[in-house]
Asks: 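One structure is given below, represented as structure tokens, and several questions about it will come after.
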Amino acid sequence: MKAAPLLQVDQVTVRFGGLTAIDKVSFDVLPGELLGLIGPNGAGKTTMLRAITGVVRATEGDVRLAGESLKGLPIHQRIRKGLALSQQLVKPLRDISVLDNVALAAGAARTASPLQALMHVSQEEEARIGREMLALVGIAAHAAQKPGIQPLGVLKRLEMARALALRPKLLLLDEPLAGLNSKEAHALAETIADINRQGTTIVLIEHNLGEVMRICQRLVVLDNGRRIAKDVSDPRQVMNDPAVRAAYLGGDTLAESQAMQHAEQGVRHA
Ligand SMILES: Nc1ncnc2c1ncn2[C@@H]1O[C@H](COP(=O)(O)OP(=O)(O)OP(=O)(O)O)[C@@H](O)[C@H]1O
């Protein structure tokens with residue numbers, strides 16, 4: 001029997017004034033999955049993540065986590081229910097250590113505000129979770145250092161560790177590989193696959209299609225706010241779908257043709 005979906009996005013529409021950024025999009029995420037959410041620039045990927053986490057309100061439709069509707073819930077309550085978003089822009093607290101940044105997030109998972117998290121009694125437990133998460137994302141050696149001196153690759157991993165410290169049922173990753181060179185991107189993609197193998201369900205937004213196809217089990221493709229491409233079991237087949245090729249190549253921007261190149265390299269190397 002097929003497992004019940006962990007996340008159900010049901011006919012979600014998001015409008016900004018006259019612009020429809022998401023148009024009646026539906027998809028499910030199964031427990032344990034690593035699902036890629038892809039599409040060319042402006043397709044609506046980030047808006048979809050924001051609608052899931054409650055940063056923007058869906059104009060229509062519903063999002064359910066473990067069967068429970070999130071309609072009307074503010075961001076912090078959605079986090080309590082098991083969502084965590086790791087953002088593209090990395091913004092750690094610069095004056096405390098890498099470990100304390102993660103421990104603070106672990107505390108915030110159990111209290112209502114960052115201030116309460118700071119004063120939380122079981123700081124040892126939070127530090128333990130912090131160390132565990134830093135090891136999981138591969139930056140345990142940086143625990144005592146300040147974020148200010150860390151390269152982007154480490155900061156991206158720190159951002160991921162902070163999201164994981166919330167012990168989410170579902171981790172949403174918004175372009176984690178952006179700005180990294182190909183070697184760093186490959187290594188971080190491997191870490192994301194590892195996090196998934198160790199039990200975290202993940203939705204990954206990413207333009208680096210080679211890495212997406214290497215690590216994702218299934219893809220949802222957006223274009224102009226709509227879902228395109230059939231649901232196929234092999235993500236590498238998705239790039240053969242004429243609608244997907246047209247969506248990526250139709251824009252004719254450098255980024256999009258690079259995306260296709262990445263995809264083709266990914267298929268060759270897989
Ligand atoms: N807060 C907002 N107000 C008005 N329009 C918005 C807002 N956020 C996004 N949009 C518009 O919604 C559409 C989808 O944008 P979105 O950022 O979700 O796309 P994306 O697929 O994440 O793109 P990219 O890959 O370039 O990050 C775009 O036309 C964008 O200009």
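All heavy atoms count here, side chains included; hydrogens, waters and symmetry mates do not. Whatever order the structure lists them in is the order used to number ligands and atoms, beginning at 1. Here the structure is a predicted model, which is why all the values come from computation and not from measurement.
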Asks: Got the closest protein heavy atom to atom 16 (P) of ligand 1, with its distance?
Replies: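 So the nearest neighbour among protein heavy atoms is T47 OG1, 3.6 Å.
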
Asks: Tell me the protein heavy atom at minimum distance from atom 17 (O) of ligand 1, and give that distance in Å.
Replies: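 Nearest protein contact, heavy atoms only, for atom 17 (O) of ligand 1 is T46 CB, 3.9 Å.
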
Asks: Tell me whether L173 is reachable from L158 by hopping between hydrophobic residues (I, L, V, M, F, W, Y) whose side-chain heavy atoms are closer than 4.5 Å.
Replies: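 Linked, L158 and L173 end up in one cluster.
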
Asks: Do N196 and Q217 pair up side chain to side chain, a donor and an acceptor below 3.5 Å, judged on atom types alone?
Replies: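 Side chains of N196 and Q217: pair found under 3.5 Å.
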
Asks: May I ask you to test the K24-R226 pair for a side-chain heavy-atom distance under 4.5 Å?
Replies: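 Heavy-atom side-chain distance check fails, nothing below 4.5 Å.
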
Asks: Do you see a donor-acceptor pair shorter than 3.5 Å between the side chains of Q150 and Q145?
Replies: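 Note: Q150 and Q145 side chains meet the donor-acceptor criterion.
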
Asks: Can a salt bridge be assigned to the pair K156 and E184 using a cut-off of 4.0 Å between side-chain N and carboxylate O?
Replies: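 No salt bridge links K156 with E184.
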
Asks: How far is atom 5 (N) of ligand 1 from its nearest protein heavy atom, and which residue and atom is that?
Replies: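 The closest one turns out to be F16 CD1, 3.4 Å.
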
Asks: Can you report which non-hydrogen protein atom sits closest to atom 27 (O) of ligand 1, along with the distance?
Replies: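 I find the closest protein heavy atom is E175 OE2, 3.7 Å.
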
Asks: Do ligand 1 and A21 have nitrogen or oxygen atoms that lie under 3.5 Å from each other?
Replies: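 No, A21 has no N/O under 3.5 Å of an N/O on ligand 1.
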
Asks: At what distance is the nearest protein heavy atom to atom 19 (O) of ligand 1, and which residue and atom is it?
Replies: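 Here the closest protein heavy atom is G44 N, 3.2 Å.
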
Asks: Please confirm whether M48 approaches ligand 1 to less than 4.0 Å, judged on its heavy atoms.
Replies: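 M48 does not count as a contact of ligand 1 under the 4.0 Å cut-off.
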
Asks: Please determine if R197 and E190 form a salt bridge, counting it only when a charged side-chain N lies under 4.0 Å from a carboxylate O.
Replies: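 Result for this pair is yes, salt bridge flagged.
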
Asks: Below 3.5 angstrom, do we get any N/O pair linking G39 and ligand 1?
Replies: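 No, there is no polar N/O contact under 3.5 Å.
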
Asks: What's the shortest distance from atom 26 (O) of ligand 1 to any protein heavy atom, and which residue and atom give it?
Replies: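 In this structure, atom 26 (O) of ligand 1 has N41 ND2, 2.9 Å as its nearest protein heavy atom.
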
Asks: If we only count heavy atoms from C-beta on, is the P176 to L204 side-chain gap below 4.5 Å?
Replies: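 Yes, their side chains come closer than 4.5 Å.
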
Asks: Does the protein put a heavy atom under 4.0 Å from atom 30 (C) of ligand 1?
Replies: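 No, there is none.
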
Asks: Could you say whether the N/O atoms of R50 and ligand 1 ever approach to under 3.5 Å?
Replies: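 No, there is no polar N/O contact under 3.5 Å.
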
Asks: Is there a donor-acceptor contact under 3.5 Å from the side chain of R218 to the main chain of P235?
Replies: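 Flag not set: sc R218 to bb P235 has no pair under 3.5 Å.
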
Asks: Considering only heavy atoms of A43, which atoms of ligand 1 have at least one such atom less than 4.0 Å away?
Replies: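 Counting atoms of ligand 1 from 1, those under 4.0 Å from A43 are 19 (O), 20 (P), 21 (O).
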
Asks: Taking all non-hydrogen atoms of both residues into account, name the closest pair between L99 and R131 and its distance.
Replies: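 Scanning both residues completely, I find the closest heavy atoms to be CD1-N, 3.5 Å.
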
Asks: Tell me: protein heavy atom nearest atom 23 (O) of ligand 1, and distance?
Replies: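 I find the closest protein heavy atom is G42 N, 2.9 Å.
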
Asks: Please list the nearest protein heavy atom to atom 11 (C) of ligand 1 with its residue and the distance rounded to 0.1 Å.
Replies: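 Checking every protein heavy atom, the shortest distance to atom 11 (C) of ligand 1 gives L19 CD2, 3.6 Å.
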
